[in-house]
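Scroll down for the structure; my scribbles are underneath it.
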2 protein chains.
Amino acid sequence: MTRVPAGSDVAREVWSTLADLVINHDRKREVAEATGISFAKTRALRRVALEPLSMGELATLLVMDPPNVTTLVDDLQEAGLVRRQPHPSDRRVMLVVATPSGRRLAQLADDILERPPAGLVRLPVADLEELRRILTLVR
Amino acid sequence: MTRVPAGSDVAREVWSTLADLVINHDRKREVAEATGISFAKTRALRRVALEPLSMGELATLLVMDPPNVTTLVDDLQEAGLVRRQPHPSDRRVMLVVATPSGRRLAQLADDILERPPAGLVRLPVADLEELRRILTLVR
DNA sequence: ACAAATATTTATAATAACATAATCATTGTG
DNA sequence: CACAATGATTATGTTATTATAAATATTTGT
């Protein structure tokens, strides 16, 4: 008889199922098609559409090296999706801000990415509510 | 007053949370470090460790073009992680089979990828059980 | 048997992703 | 003020990823 730490095995099982669910519902291609830009760029755009970020913050969030963020933002800027705005109090930092058309494109990506898989939609409402409740506890 | 389809909004919200959870717990880098091969190769290896697959089936599952699967499997084979076995009844198809060392490496990747995020482990056991129950309904 | 279809491979090219060093401007500190 | 530290950029190169066309071997259908 082996005694196992309470929820940890269940947690592992749940996590595996969860990760599979998300990975098998991958919409990167669809998003790239719809937006006309690479998924990496969409990801950056969606992030700055949430709130303006400095180049460095963006690099950290995207786990990219700063030089590569520079060229990525260059491309987004040329496409008119973001603009660079000097930081008001520190002239070393550049804030990346989504333009209106950038926000629209980010929204388009959101619409695709937030579309839940069929299996989830088919769940009884009570179970969905329960899922929502539990997920808010995960922090 | 607009009437909205019952669970679909909740489903969308739940899905967003879920996707964020999985994406923010990305372990691709860690897995690549630990295995010494690219994540794409790990993915293929883990898949054939589950069961032997033909090149074509693998291409479909990985959403890759067949020529690229060939070179990917070439690499895995050179590393001694898989072998190619001709299909018993159709000599056009090549079955990709994980070797013992390939299965070990796949297991190593599994151990990392299946490790749940802290927030999930902290959940009350009852909620975890409930999560598991609901997730089995998602098919 | 023969033509069409299927599974894989070879060859090749284009592009994307990733990393490093060096440079410039600006800011904080002794 | 001099100097170290910071944020961003430029330049550059390497490796991965992705795609396409063409070739080979085998099977299937007529």
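Remember, predicted model here, so these are calculated numbers, not experimental data. Just so it is clear, the values below take in all heavy atoms, side chains as well, and ignore hydrogens, waters and symmetry mates. Letters go in sequence order (proteins before strands), and every chain restarts at 1.
- DNA chain D is contacted by both D74(A) and R29(A); D74(A) maps to the nucleotide lying nearer its 5′ end (nearest heavy atom per residue).
- Salt-bridge formation is detected for the pair R115(B)/E30(B): a Lys NZ or Arg NE/NH1/NH2 atom is positioned less than 4.0 Å from an Asp or Glu carboxylate oxygen.
- For dT6(D), its base sits under 3.5 Å from the side chain of R92(A) at one donor and acceptor pair at least.
- Distance CZ (F39(A)) to P (dC18(C)): 13 Å, rounded to an integer number of Å.
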Step by step, would you call I37(A) with L81(A) a side chain to side chain contact (heavy atoms under 4.5 Å, CB included)? CA-CA 11 Å; I37(A) 60 179; L81(A) 300 169; 4.2 Å; yes

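- Taking atom CG on L95(B) and atom P on dT26(D), their separation rounds to 15 Å, with Å as the unit.
- Between R46(B) and L113(B), the closest side-chain pair of non-hydrogen atoms falls below 4.5 Å.
- Between dT8(C), dA17(C), dA8(D), one nucleotide has an atom nearer to the side chain of S54(A) than all others, and that is dA8(D).
- E13(B) CD to T136(A) OG1: the interatomic distance, rounded to the nearest 0.5 Å, is 9.0 Å.
- An OP1 or OP2 oxygen of dA25(C) is reached within less than 4.0 angstrom by no side-chain nitrogen or oxygen of R91(A).
- Put simply, CE on M64(A) and CG on L72(A) are 5.0 Å apart, with the number rounded to the nearest 0.5 Å.
- With a 4.5 Å cut-off on side-chain heavy atoms, L21(B) and W15(A) count as touching.
- Contacts between residues 61-72 of chain A and DNA chain D, defined by a heavy-atom separation below 4.0 Å, involve P66(A), P67(A), T70(A), listed by number.
- When the nearest nucleotides of DNA chain C are assigned to D90(A) and R84(B) by heavy-atom distance, the more 5′-ward of the two goes with R84(B).
- Rounded to a whole Å, the CD atom of Q77(B) is 14 Å from the P atom of dT8(C).
- Distance, K28(A) NZ to dT17(D) P: 13 Å, rounded to whole Å.
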